[in-house]
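Notes follow the structure.
Just so you know, ligand 1 is whichever comes first in the structure, and atom 1 is the first atom listed for that ligand.
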Amino acid sequence: MTPSKQRILFTSKSGFILSAAGSAIGLGNICKFPGKAYDCGGGAFLLIYVLMVTLLGTSVMLAEFVIGRRTHKNIVGAIRQLGRRWAWLGWLGILTGCLILSYYCQIGGWTMKYIIAYIVEADVIFTDPSAYFLQTLGAEQFPLQGAVIYPLLFLLSAAFIINRGVVEGIEKLSKLLMPLFLVLLVVLMVRTCTLPNAGEGLRCLLTVDVSTVNGSVVLTALGQAFFSLSLGMGIMLTYASYLHKEENLVANTAVICTLDTLIALVAGFTIVPAAFATGITPGMDSAFSFTSLAGVFMAIPGGVVFGILFYFLLFFAAITSAISILESTVAFLTEEKHLPRRTSLILICTVLFFVGMCYTLSLVHTDWKGIWWSIAEGIQYPSFGLFLEYLTDRLLLPLCAFFLTFFVGWIWGAEEAVKEATSYGKYRFPLASLWVLLVKFAAPVAIATITIAGVILGLPVN
Ligand code: PHE
């Protein structure tokens with residue numbers, strides 16, 4: 001089928017790859033991945049993570065691409081077109097994306113705050129990086145900047161870009177800034193790895209100790225892989241819906257997954273050694289990249305400039321991810337509910353802002369709790385913020401990915417999917433039968449097993 005007349009398509013192959021990679025590469029790679037790698041056993045986690053991406057991540061991404069490109073529709077419309085009774089899966093994806101975006105914008109706001117902070121008061125950060133961060137979150141007074149002003153600015157910037165549309169907004173920005181991001185990260189990695197004591201961090205990441213591996217570690221790796229590749233909520237599906245029929249989806253999948261994983265690894269090898277070198281306790285999840293790198297910026301000549309540049313690029317990585325979630329939700333509201341683009345944006349941003357604010361407030365400033373349950377540990381009450389992260393990373397994302405692969409493998413049909421993946425025979429896909437096996441059997445079974453094992457074994461809730 002041909003794309004609907006009014007639907008704009010990406011104008012170049014690199015535009016699509018960089019935009020999809022821009023969605024994938026984000027705070028997850030820089031803020032979440034290093035902390036998780038450290039907490040979950042270093043080298044063993046890295047191996048499991050790469051395995052999860054190679055087997056499951058790539059399969060689910062290609063599944064999303066084929067649905068999107070075949071239908072040229074938003075997630076709900078696309079799934080409804082291919083399987084009448086399955087539109088709810090689209091809704092579930094939209095809900096998951098919105099929950100993620102609510103807290104994502106908060107962390108994105110913190111990156112803006114840190115750009116300004118490095119410009120005006122780097123010395124205050126350097127005095128006590130952890131205390132500075134906790135203060136941003138409201139350790140002493142209401143975190144007006146950390147929970148309201150900067151997150152709002154971040155959300156408005158994302159909305160502004162989305163309002164400009166796919167080509168003018170998303171494609172142009174991604175082409176410009178993604179390469180810069182890569183270069184700066186590699187420079188920083190080289191610098192942190194040569195700091196005194198950084199060797200401890202490298203050892204932690206390079207030593208594989210299988211005794212650290214359990215169900216919880218595998219589930220964490222799986223959730224992180226889906227989060228990092230922006231899978232499960234129809235984002236890749238929506239981007240592929242703006243893609244020409246001639247594009248090679250299989251090759252694009254390989255490139256995007258490789259880029260995303262490389263960046264995560266480079267970030268891990270930047271931030272974990274930095275934490276060891278600066279004596280900042282790793283493991284605080286998002287806090288990790290806000291606190292541990294301060295010691296590095298302090299130690300190098302021109303560190304403040306590096307700091308400003310780093311948080312600017314982190315901001316950029318975050319915004320290219322945030323716009324991808326906004327775009328998929330806006331595509332849904334404009335195409336299915338016939339709302340104007342601007343109205344959709346205002347509606348979504350208002351709701352997201354308030355939910356997100358509760359995320360930040362619950363981390364340090366208040367004791368708002370969520371609820372979590374596992375057979376092994378019973379009912380627990382993590383902070384509302386952590387609850388949002390668990391709900392999305394450990395439950396909703398795997399659940400959406402499970403149903404998406406099941407949908408492609410069994411409801412729409414893997415044969416049709418392979419035809420779309422190869423642009424109807426235009427491209428070779430030597431691993432097609434392996435992919436069909438993965439999508440039909442291995443991926444749903446593995447995702448379901450790991451998720452259920454996580455519920456049975458319990459997960460550390462702090
Ligand atoms: N993949 C992004 C990251 O790693 C986060 C993201 C999740 C973006 C879900 C879009 C959708 O930070």
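Ranking the protein heavy atoms by distance from atom 9 (C) of ligand 1 puts M233 CE, 3.4 Å first. In this structure, atom 7 (C) of ligand 1 lies nearest to the protein heavy atom F227 O, 3.4 Å. Closest to atom 8 (C) of ligand 1, if we only count protein heavy atoms, is S230 OG, 3.3 Å. For atom 4 (O) of ligand 1, the nearest non-hydrogen atom of the protein is A24 O, 2.9 Å. Considering only non-hydrogen protein atoms, atom 11 (C) of ligand 1 sits nearest to I235 CD1, 3.1 Å.
Ring pair W91/F332: centre-to-centre distance below 6.0 Å. Aromatic ring centres of F181 and F316 lie farther apart than the 6.0 Å criterion allows.
Checking W110, F354, Y359 one by one against Y103, the ring-ring contact (aromatic ring centres under 6.0 Å, His included) holds for a single residue, Y359.
Close approach to L27 involves these atoms of ligand 1, each under 4.0 Å from a residue heavy atom: 12 (O). Which parts of ligand 1 touch G26 is read off a 4.0 Å heavy-atom cut-off, strictly below it: atoms 3 (C), 4 (O), 12 (O). Below 4.0 Å from some heavy atom of S324 lie the following atoms of ligand 1, by number and element: 10 (C).
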Item to complete: Would you please test I149 and K113 for side chain to side chain contact (heavy atoms under 4.5 Å, CB included) and show each step?
Response: CA-CA 9 Å; I149 297 178; K113 151 103 189 150; over 6 Å; no
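Assignment of G97 to the shell around ligand 1 is not supported, since no heavy atom sits closer than 4.0 Å. At least one heavy atom of Y104 sits under 4.0 Å from some atom of ligand 1.
Heavy atoms of other residues, nucleotides or ligands lying less than 6.0 angstrom from CZ of F306 number 12 at most.
Between E336 and K73 no salt bridge is recorded (no basic side-chain N to carboxylate O distance below 4.0 Å). Between R341 and E335, none of the side-chain N atoms (NZ, or NE/NH1/NH2) sits under 4.0 Å from a carboxylate O, so this pair counts as no salt bridge.
Summarising the contacts of atom 2 (C) of ligand 1 with G28, G22, S23, the nearest heavy atom is found in S23.
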